[in-house]
Amino acid sequence: MKLYNTLTKRKEDFVPLEEGKVKMYVCGPTVYNFIHIGNARPMIVFDTVRRYFEYKGYDVNYVSNFTDVDDKIIKKANEEGVSSDEISKRYIAECKKDMEGMNVKPATTHPLATEEIGGMIEMIRVLVEKGYAYEKNGTVYFRTRRFQDYGKLSHKNLDDLRSGERSLLVTGEDEKEDPLDFVLWKPKKEGEPSWESPWSDGRPGWHIECSEMSKKYLGEQIDIHAGGEDLVFPHHENEIAQSEAANGKEFAKYWMHNAFLNIDNRKMSKSLGNFRTVREISEQYDLQILRFFMLSAHYRSPLNFSADLMEASKNGLERIVNAADSLKFLMGNAKTEEMTEEEKTAYAKTEEYVKAFEDAMEDDFNTADAVAAVFDLVKYSNTTANEDSSKEFLQKLLERLVTLMDVLGLTVDRKEEMLDEEIEKLIEERQAARKAKDFARADAIRDELLEKGIILKDTREGVQWKRA
Ligand code: AMP
Ligand code: ZN
């Protein structure tokens with residue numbers, strides 16, 4: 001399995017630290033609002049990475065934090081006149097609802113920054129003790145130049161960084177030894193949440209939280225650390241500096257970063273007013289469609305969100321779900337149980353699509369090509385399965401489709417189970433009406449279903465239905 005490592009700028013073979021296990025950490029959202037569709041991209045992409053590892057038999061320990069102490073949360077709390085805690089708890093709950101809608105599995109652990117302050121203080125203490133950090137007026141800074149490898153992830157040169165950050169010297173932060181130094185701990189301001197520490201009553205900087213939570217839940221060394229590409233610098237660069245300075249070991253072996261999601265070919269931002277939350281999308285579409293849309297591109301390619309592309313994703317997913325529906329329907333009416341020799345050969349041919357799917361995933365998780373392999377399987381199923389197929393053959397085809405879709409975190413089951421039942425009930429009623437020669441009623445039912453996008457087909461085996 002190959003994956004692109006930001007650290008080495010190359011695709012590398014994945015070799016786990018411990019055989020059969022994957023330890024991965026994915027930086028989670030800051031919770032001061034509903035998550036937007038940009039935030040959904042790393043969630044979906046890295047959940048799919050996790051699912052593929054699991055499909056390959058790895059035991060995955062997946063940790064993703066919620067940043068629940070931050071300036072933006074405090075600002076929102078002040079605006080609403082409630083506590084920061086109330087804001088973060090509310091949006092964590094909302095985020096989990098969106099994740100469920102997108103079929104993003106809950107992490108093995110979802111740590112909260114506010115519950116891990118003690119560990120962060122301890123890590124900062126070690127950094128101070130080792131000479132990698134220093135305190136000035138209650139603030140603790142990381143001594144960036146002291147860490148020899150600084151810049152290795154973002155491939156930045158310290159002197160270039162220094163000239164870029166020179167302006168800091170004139171903005172009142174001149175208590176720092178060096179403009180490159182960054183905050184590990186800061187004293188509280190009036191009305192802010194705070195914790196006691198050896199340096200001041202205050203709160204941790206953002207970067208230290210991931211270094212600490214990754215260490216606590218996964219250990220000092222992990223296989224994969226991931227997030228959106230905007231996190232490479234400074235967040236992940238600073239995490240490496242903190243963790244490697246404190247632990248004296250290489251922090252993460254592989255660093256994976258997803259490219260950005262744009263909207264109508266523009267950067268999504270509050271100032272442009274083109275910000276879309278996952279919740280808004282869910283009012284219009286099943287969130288599975290959003291997931292399918294995200295996976296239609298490679299995770300390292302920028303992706304553009306537009307109404308047209310969402311419609312195309314909706315149709316694409318529908319094609320797959322229809323194929324599964326058709327297999328289920330045929331199974332219910334199959335005349336024979338076991339596969340014939342001919343069917344065994346036909347089924348063996350589907351190995352090709354599984355191989356194409358796996359080859360795509362093994363090549364740095366190329367989900368676009370993996371989706372193409374699923375479409376090939378669907379096409380094969382549509383042309384091979386028919387009323388004369390055995391139940392076993394149909395079932396195996398369906399299982400194959402379901403397995404690959406599950407790796408992508410997509411289900412072929414229609415969400416509206418109730419609706420299916422309603423349809424079936426109406427079809428039964430229509431059959432009864434026909435039997436009683438009440439053709440007007442039978443036709444009325446057919447029209448009613450058609451209005452809801454359900455097309456009926458009378459076959460020798462009974463009534464088949466599908467969604468338009
Ligand atoms: P934040 O809450 O801003 O820390 O973001 C949480 C995660 O979402 C991080 O991994 C970000 O890199 C990622 N992210 C934010 N905006 C976008 C976007 N427009 N496209 C892709 N990923 C994003
Ligand atoms: Zn992080």
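Remember, it's 1-based here, ligands and their atoms both numbered in the order they're listed.
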Show me, pair by pair, the donor-acceptor contacts under 3.5 angstrom made by side chains of residues 38-54, not counting sequence neighbours?
residue : atom : partner : partner atom : Å
Asn39   : OD1  : His36   : N            : 3.1
Asn39   : OD1  : His36   : NE2          : 3.4
Arg41   : NH1  : Ala259  : O            : 3.0
Arg41   : NH1  : Phe260  : O            : 3.0
Arg41   : NH1  : Ser301  : O            : 3.0
Arg41   : NH2  : His298  : O            : 3.0
Arg41   : NH2  : Ser301  : O            : 2.7
Asp47   : OD1  : Lys105  : N            : 3.1
Asp47   : OD2  : Arg51   : NE           : 2.9
Asp47   : OD2  : Arg291  : NH1          : 2.9
Asp47   : OD2  : Arg291  : NH2          : 2.8
Thr48   : OG1  : Ile44   : O            : 2.7
Thr48   : OG1  : Arg291  : NH2          : 3.0
Arg50   : NE   : Glu54   : OE2          : 3.3
Arg50   : NH1  : Pro106  : O            : 3.0
Arg51   : NH1  : Asp406  : O            : 3.1
Arg51   : NH2  : Asn103  : O            : 2.8
Tyr52   : OH   : Glu362  : OE2          : 2.6
Glu54   : OE1  : Lys105  : NZ           : 2.5

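Numbered from 1 in the order shown, with element, the atoms of ligand 1 that lie under 4.0 Å from a heavy atom of Asn258 read 21 (C), 22 (N). Every atom of ligand 1 is numbered from 1 in the order shown, and the set under 4.0 Å from a heavy atom of Pro29 is 2 (O), 6 (C).
The shortest N or O to N or O distance between Glu229 and ligand 1 is not below 3.5 Å. Polar contact with ligand 1: present for Asp230 (N/O pair, distance under 3.5 Å).
The shortest separation from a heavy atom of Ala259 to ligand 1 is under 4.0 Å, placing the residue in contact. Assignment of Lys267 to the shell around ligand 1 is not supported, since no heavy atom sits closer than 4.0 Å.
When the heavy-atom distances from atom 2 (O) of ligand 1 to Ile35, Asn33, Thr30 are ranked, the shortest goes to Thr30. In this comparison of Gly38, Cys27, Cys95, the heavy atom closest to atom 14 (N) of ligand 1 sits on Gly38. The nearest non-hydrogen atom to atom 3 (O) of ligand 1, considering only Val31, Asn65, Asn39, comes from Asn39.
Residue contacts with ligand 1 for Leu261 involve both N, CA, C or O and side-chain atoms from C-beta outward (heavy atoms, distance under 4.0 Å).
Checking each of His110, Lys23, Glu116 against Tyr217 for a side-chain hydrogen bond (donor to acceptor under 3.5 Å, both in side chains) leaves exactly one that passes, namely Glu116.
By the 30° and 60° cut-offs, the orientation of the rings of Tyr55 relative to Phe357 is perpendicular.
Donor-acceptor pairing under 3.5 Å is lacking for the side chains of His207 and Gln242.
Aromatic rings from Tyr141 and Phe182 are positioned such that their centres are separated by 6.0 Å or more.
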